Amino acid sequence: HQSGVTALELLVTMSIIAVLLATGIPAIKNYNWNLRLRSAMDLLRSDLTLARGRAIGDNTQTVICPANNPQDCSGSSSWQNGWIVFTDINGDRSRQAAEPLLKRSGAIEFLNLTSSRSRRSLRFYPNGSAPGTNTSIVFCDTRGAVYAGKIIVSNSGRIRQVTGGIPPTENCP
């Protein structure tokens, strides 16, 4: 008695595997992009929460801003190169050597993170509020606005996260 598979059985099995791979790989890629986007949003949200919490806890102003190096804010509205959180003792929204650096986050790969051009940093007062206008930081990848997300910081200091797409009119390359 010989055992084995026929060429027809092998061909059918390979066809089924090919169909499963053809339908499964795009779903896995989409899952990876969604995971990358949510992870970046969670990281920035936790750092915003840290900045607000330290402002309240230490009864001082704190600032979170995009940074290309750990010393000072970049002055840009682009956050994907990383950001810093620091205690702003003199209230000028720039970090001096005497002001404690609370956290430095590195670059986020494969995503664009942008805030409005008028809000290049976020400042939290000791009461937890964030003066100025409400701020949105938009998170985009190569899939566009349909899959984008954003973090919104209100004047009262409330931080909320929106996922699952944004209106295509918002800045999402």
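Remember, predicted model here, so these are calculated numbers, not experimental data.
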So [Y] and [X], do their side chains get closer than 4.5 Å, heavy atoms only?
| X | Y | value |
| --- | --- | --- |
| V153 | R158 | no |
| V63 | V85 | no |
| F124 | I56 | no |
| Q80 | L111 | no |

Could you state the interatomic distance from [atom1] ([X]) to [atom2] ([Y]), rounded to the nearest 0.5 Å?
| X | Y | atom1 | atom2 | result |
| --- | --- | --- | --- | --- |
| R120 | S77 | CZ | OG | 6.0 Å |
| S94 | F86 | OG | CZ | 6.5 Å |
| N69 | R104 | CG | CZ | 7.0 Å |
| I84 | C73 | CD1 | SG | 4.5 Å |
| S76 | N68 | OG | CG | 7.0 Å |
| D141 | E109 | CG | CD | 14.0 Å |

Task: Among T163, I151, N112, V162, the one residue meeting side chain to side chain contact (heavy atoms under 4.5 Å, CB included) with F139 - done: I151
TODO: Please determine which of T13, V19, L20 meets the side chain to side chain contact (heavy atoms under 4.5 Å, CB included) test together with I17.
DONE: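 That would be T13.
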Pair [X], [Y]: side-chain N/O donor-acceptor within cut-off below 3.5 Å:
| X | Y | answer |
| --- | --- | --- |
| D42 | Q161 | yes |
| T135 | R119 | yes |
| W79 | T114 | no |
| N34 | R143 | yes |
| S156 | S154 | yes |

Does [X] share a hydrophobic cluster with [Y], counting links as ILVMFWY side-chain heavy atoms below 4.5 Å and allowing steps through other members?
| X | Y | result |
| --- | --- | --- |
| M41 | W83 | yes |
| I159 | L43 | yes |
| I108 | L48 | yes |
| I137 | Y147 | no |
| L122 | L44 | yes |

How far apart are the closest heavy atoms of [X] and [Y], and which atoms are they?
| X | Y | result |
| --- | --- | --- |
| L37 | G149 | CD2-N, 4.1 Å |
| I89 | A98 | CD1-O, 4.0 Å |
| A51 | T62 | O-OG1, 2.6 Å |
| N90 | D88 | OD1-OD1, 3.1 Å |
| G132 | N155 | O-OD1, 2.6 Å |
| P131 | R123 | CD-O, 3.2 Å |

- [ ] Walk me through it: do Y125 and Q61 pass the test side chain to side chain contact (heavy atoms under 4.5 Å, CB included)?
- [x] CA-CA 5 Å; Y125 283 156; Q61 287 185 36; 3.6 Å; yes
Open item on the list: D92: which residues meet the salt bridge (Lys or Arg N to Asp or Glu O under 4.0 Å) condition with it, sequence neighbours left out?
Closed with: none
TODO: List the steps, then state whether side chain to side chain contact (heavy atoms under 4.5 Å, CB included) holds for F110 with T142.
DONE: CA-CA 8 Å; F110 309 113; T142 57; over 6 Å; no
- [ ] May I ask you to decide whether D47 forms a salt bridge with K103, counting only side-chain N to carboxylate O separations under 4.0 Å?
- [x] yes
- [ ] Would you please test L102 and T87 for side chain to side chain contact (heavy atoms under 4.5 Å, CB included) and show each step?
- [x] CA-CA 7 Å; L102 303 174; T87 302; 3.7 Å; yes
